[in-house]
Amino acid sequence: MESLAEALKKNYHLNNFVLEKSFNEAKEDASFTKFIEKLKIPEKILMKHTSLLQKSNSELKNCKNCKNLANCQNEIKGHIYYPNYEENNLAFYYVPCKYQKEFEEKTKYQENIYTFDIPKEIKNAKMKDIYTDDPNRFETIKWLKNFLDNYQKDKFIKGLYLTGNFGTGKTYLISAMLNELAKKGSKIAIIYFPEFLRSLKASFNDDESYNNTFNYIKKIELLLIDDIGAETTTPWARDEILGTILQYRMQQQLPTFFTSNLNIKELEEHLSTTSKNIDLVKSRRIIERIKYLTDQIIMISENKRK
């Protein structure tokens, strides 16, 4: 009867035979042989990972003919499944390719951008992509270019209250300029104001979340409040949230931007009326803070959403 030791030894040799056979068959592929030779790793280690090495080699082949990230054929876009040999151990990791590294470098600035309920195109907005075929946009573009050229972190410059008709790209224009500053290291936030208020109210019972979000927006270096005037006016939203944010930013001279379909006078009327009463004094207080913080431009342009 075969002893346990003999059975284990027989099984060990059988496994080695199978591994070696599989490895030698893989080496019939010239590209695989070339690949493993470059690794300079003992074959007794390599043959334990034949299928994984074949996967690495296959992904490297894909990379040779790849022109950009969009055409990546690898399992994880922009990455190569590649071996790493340390202390007699072979491990495999997903390593970024050159196109992925370029992409990460180009989009690294987005770490400086906080957005809330904002479309992806706004977060990716670029000054070079702004269309200039409508002369009604020239004043706004000129203003933004001037701000971009003259902004200094420790020197107060007024922001912009940009109003006008629907679908003219107000948010895109300001966001494109702010994104350029984010590339230079500035911290910016772009918030869709109606939804921001709803979310903040929903987190009211979570003091830490509520305070962290509110204080972050209040103190951010550059802030865009998008679509102000589209929210339902309540004393809480107007006085405790908007009023407190604007008062802090006015005192600290932090540039603040607004987009709205309402002009300043219309916004004042909107902010004065709640479901319970009309308060012109508190509305006027908000408007005076906005006027201190911004220049106003009325941009009547073509509606691109049609």
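Just so it is clear, the values below take in all heavy atoms, side chains as well, and ignore hydrogens, waters and symmetry mates.
Around CD of Q73, the count of heavy atoms belonging to other residues, nucleotides or ligands within 6.0 Å does not exceed 12. Surrounding OH of Y109 are more than 12 heavy atoms belonging to other residues, nucleotides or ligands, all under 6.0 Å away. Atom CD of E208 has 12 or fewer neighbouring heavy atoms from other residues, nucleotides or ligands inside a 6.0 Å radius. At most 12 non-hydrogen atoms from other residues, nucleotides or ligands lie less than 6.0 angstrom from NZ of K201.
Side-chain contacts under 4.5 Å among hydrophobic residues (ILVMFWY), followed directly or transitively, place L280 together with I278.
For R289, the side chain to side chain donor-acceptor pair (under 3.5 Å) partners at least two apart in sequence or on another chain are Q247. In this structure N62 satisfies the side chain to side chain donor-acceptor pair (under 3.5 Å) test together with N74, sequence neighbours excluded. Residues satisfying the side chain to side chain donor-acceptor pair (under 3.5 Å) test with S186, not counting sequence neighbours, are E221. Not counting sequence neighbours, Y93 has no partner by the ring-ring contact (aromatic ring centres under 6.0 Å, His included) test.
Taking the charged nitrogens against the carboxylate oxygens, E25 and K21 do have a contact shorter than 4.0 Å, which makes a salt bridge. Salt bridge K55/E75: present, at least one basic N to carboxylate O contact under 4.0 Å. Under the 4.0 Å criterion applied to side-chain N and carboxylate O atoms, K183 and E180 are assigned as salt-bridge partners. E268 and K265 are not joined by a salt bridge, as no carboxylate oxygen comes within less than 4.0 angstrom of a charged side-chain nitrogen. Taking the charged nitrogens against the carboxylate oxygens, K101 and E105 have no contact shorter than 4.0 Å, which rules out a salt bridge. Electrostatic pairing of D279 and R285 does not count as a salt bridge here, judged by no charged N lying under 4.0 Å from a carboxylate O.
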Give the C-alpha distance, both sets of side-chain angles, the deciding distance and a yes or no for salt bridge (charged side-chain N to carboxylate O under 4.0 Å, His left out) between E195 and R198.
CA-CA 5 Å; E195 189 57 38; R198 282 192 285 270; 2.9 Å; yes
Report the C-alpha distance between I191 and D117 in whole Å, list the side-chain angles of each, state the deciding distance to 0.1 Å, and finish with yes or no for side chain to side chain contact (heavy atoms under 4.5 Å, CB included).
CA-CA 7 Å; I191 59 172; D117 202 41; over 6 Å; no
Run the salt bridge (charged side-chain N to carboxylate O under 4.0 Å, His left out) check on E37 and K34 step by step: do they pass?
CA-CA 5 Å; E37 286 176 350; K34 187 175 181 180; over 6 Å; no
Determine, step by step, whether M177 and L222 satisfy the side chain to side chain contact (heavy atoms under 4.5 Å, CB included) criterion, reporting the C-alpha distance in whole Å, the side-chain angles of both residues, the deciding distance to 0.1 Å, and the verdict.
CA-CA 11 Å; M177 185 274 294; L222 295 159; over 6 Å; no
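Each ring pair (Phe, Tyr, Trp, His ring centres under 6.0 Å) pair with one or both residues in residues 239-265, not counting sequence neighbours, appears once here: F147-F257, Y161-F258.
Taking the ring centroids of F92 and Y82, they lie at or beyond the 6.0 Å cut-off.
Side chain to side chain, R238 and T233 fail the donor-acceptor criterion of an N or O pair below 3.5 Å. Neither side chain, D149 nor N146, offers a donor N or O lying under 3.5 Å from an acceptor on the other. In this model, a donor atom of one side chain and an acceptor atom of the other lie less than 3.5 Å apart for E86 and N84. For the residue pair S31 / N57, a side-chain donor-acceptor distance below 3.5 Å is found, with atom types taken as modelled. With no hydrogens or angles considered, a side-chain donor-acceptor pair links N124 and Q110 at under 3.5 Å. Under 3.5 Å, the side chains of T171 and D226 contain a donor-acceptor pair of N or O atoms. Between the side chains of K170 and N261, at least one donor-acceptor pair of N or O atoms lies under 3.5 Å.
Between F156 and Y292, the ring planes lie parallel to each other; the angle is under 30°, not in the 30° to 60° tilted range.
Atom NZ of K282 and atom OG of S272 lie 12.5 Å apart (nearest 0.5 Å).
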